[in-house]
Amino acid sequence: MNSLIAPPQSLEELMLRADALAGKTIGEIASNINITVPDNLKVKKGWQGQFLEQCLGADSGNLSQPDFNHLGVELKTLPIDLLGRVEESTYVCVLNLIDHQLLQWQQSAVCKKLGHVLWVPIAKRAEQGVTESLIATPFLWKPSLEELEILKSDWENVMELVSLGKIDLLNARLGEVLQVRPKAAHSRVTTKAYGANGEIIDTLPRGFYLRASFTQKILSDNLKI
DNA sequence: AGGTGATCATTA
DNA sequence: TAATGATCACCT
């Protein structure tokens, strides 16, 4: 889905565009720009995210940088139900298992991407299609100092295991708010990593994800009153 | 290949 | 039934 809409020139312009979507259904917005909505997301898992990117004029493609790079803002859709409960974890970025030497938290992709996020909650209506899903209130978020410390700690714990070649110890149970999970087309895909003796090994590619409990708190903290 | 966008579906 | 591990599509 290529961007047909020019990137917003300012944060204000981005938020005006985002706010204009609030309260509308995916179907309404899609018909206005002649986009066909899939019946379900089984084989279109990233569709909502790409759709919102197009609606808002994101232009970073698959580069490892924030969606609105000139604004330093990352766009994330957040699947919720009608009661505002977060239904899925949030992918952040890949975990680089090779080029991590001397990488500090402030220089990491996780830190850069989560520095400033535009969250767009999308409420899926039970028993109804994607067309009926409702855009809730988008909001800008910067992690608090406390949140930043937890993210940094989670990230450093993972990177320590990676540095020590303890790839086998990585699993989704680690991390208070930031977890590591597989990130690949399927389980036979491999990527390079360092083993415990410094040798190169093949292992399943992993990515960083935010736990739903964390994004749930972010959402709750940002509810309008 | 390996990144982006994620949700699916089986397990615990 | 929540969470982990697996998987799907598109882009460069």
Side-chain angles (χ1 to χ4, degrees), chain A residues 1-5 7 26 29-30 35-69 73-81 83 85-100 108-110 112-114 117-126 128-131 133 135 138 154 158 167-193 200 202-217 219:
Chain A
M1 206 181 291
N2 283 318
S3 174
L4 302 173
I5 296 171
I26 295 285
I29 300 164
I35 296 287
T36 303
V37 181
D39 290 338
N40 62 67
L41 303 177
K42 284 189 200 304
V43 292
K44 290 280 179 183
K45 296 182 180 181
W47 186 86
Q48 290 191 142
Q50 309 246 291
F51 177 64
L52 262 293
E53 283 185 350
Q54 179 169 356
C55 290
L56 298 175
D59 65 343
S60 282
N62 69 335
L63 299 180
S64 206
Q65 63 184 26
D67 296 292
F68 302 97
N69 197 40
V73 172
E74 173 77 7
L75 171 66
K76 288 293 178 195
T77 58
L78 191 61
I80 61 175
D81 65 14
L83 297 177
R85 292 181 295 211
V86 173
E87 300 203 309
E88 288 289 350
S89 56
T90 299
Y91 170 68
V92 180
C93 61
V94 294
L95 164 53
N96 195 320
L97 298 169
I98 287 290
D99 297 321
H100 55 76
S108 71
V110 175
K112 289 178 182 174
K113 288 210 174 189
L114 297 183
V117 177
L118 171 59
W119 294 99
V120 181
I122 301 180
K124 176 78 167 62
R125 316 190 72 148
Q128 296 200 50
V130 181
T131 303
S133 291
I135 308 284
D154 285 348
V158 168
I167 307 301
D168 293 348
L169 296 183
L170 293 176
N171 63 56
R173 296 165 192 81
L174 302 174
E176 186 175 338
V177 303
L178 185 72
Q179 63 179 171
V180 169
R181 302 222 307 277
K183 178 58 174 167
H186 52 76
S187 59
R188 284 94 61 201
V189 175
T190 64
T191 190
K192 303 296 184 190
I200 299 288
D202 287 316
T203 188
L204 184 63
R206 326 292 167 101
F208 283 111
Y209 295 77
L210 296 178
R211 293 184 182 279
S213 54
F214 183 56
T215 53
Q216 181 73 72
K217 180 179 181 301
L219 180 62

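None of these values were measured; they are calculated from a predicted model. Chain A is the first sequence line, chain B the second, and so forth, proteins listed ahead of strands; every chain is numbered from 1.
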Peer 1: Tell me which nucleotide among C:dT7, C:dC8, C:dG5 gets nearest to the side chain of A:Val43.
Peer 2: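 From the listed options, C:dC8 comes nearest.
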Peer 1: Between A:Asn40 and A:Gly46, which has a closest nucleotide on DNA chain B that is more 5'?
Peer 2: A:Gly46
Peer 1: C:dA3 phosphate, OP1 or OP2: any side-chain N/O from A:Arg181 under 4.0 angstrom?
Peer 2: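 So the side chain of A:Arg181 is outside the cut-off, no N or O lying under 4.0 Å from OP1 or OP2 of C:dA3.
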Peer 1: Categorize A:Lys192 for me: base, sugar-phosphate, or nothing, with a 4.0 angstrom heavy-atom threshold over every strand shown.
Peer 2: nothing
Peer 1: Quick one: does A:Glu74's side chain get under 4.5 Å of A:Asp67's, heavy atoms only?
Peer 2: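 In short, these two side chains touch, coming nearer than 4.5 Å.
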Peer 1: Does A:Asp154 reach the side chain of A:Val110, with side-chain heavy atoms less than 4.5 Å apart?
Peer 2: no
Peer 1: Which pair of heavy atoms, one from A:Lys112 and one from A:Pro66, lies closest together, and at what distance?
Peer 2: O-CG, 4.2 Å
Peer 1: Between A:Thr77 and A:Arg173, who's closer to the 5' end of DNA chain B by nearest nucleotide?
Peer 2: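 Closer to the 5' end of DNA chain B: A:Thr77.
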Peer 1: Can you give me the first and the last nucleotide of DNA chain B (5' to 3') that has an atom within less than 4.0 angstrom of a non-hydrogen atom in chain A?
Peer 2: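 Going 5' to 3' along DNA chain B, contacts run B:dG2 to B:dA9.
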Peer 1: Would you compute the distance between atom CG of A:Leu219 and atom CZ of A:Phe214 and round it to the nearest 0.5 angstrom?
Peer 2: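 Output value for this atom pair is 12.5 Å.
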Peer 1: Mind checking if A:Glu74 touches a base, just sugar-phosphate, or nothing, with heavy atoms under 4.0 Å?
Peer 2: sugar-phosphate
Peer 1: With a non-hydrogen cut-off below 4.0 angstrom, is A:Lys124 in contact with a base, only sugar-phosphate, or nothing?
Peer 2: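 Counting heavy atoms under 4.0 Å across all strands, no contact is made by A:Lys124.
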Peer 1: Let's see if you get this right: which residues in residues 204-217 of chain A place a heavy atom under 4.0 Å from DNA chain B?
Peer 2: A:Tyr209
Peer 1: Nearest 0.5 Å, what's the CG-NZ distance between A:Asn40 and A:Lys124?
Peer 2: 8.5 Å
Peer 1: Once you apply a heavy-atom cut-off of 4.0 Å, does A:Gly49 come out as touching a base, just sugar-phosphate, or nothing?
Peer 2: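 A:Gly49: backbone/sugar contact only, no base atoms under 4.0 Å.
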Peer 1: Nearest 0.5 Å, please: how far is OG1 in A:Thr77 from CH2 in A:Trp47?
Peer 2: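 One gets 11.0 Å once the value is rounded to the nearest 0.5 Å.
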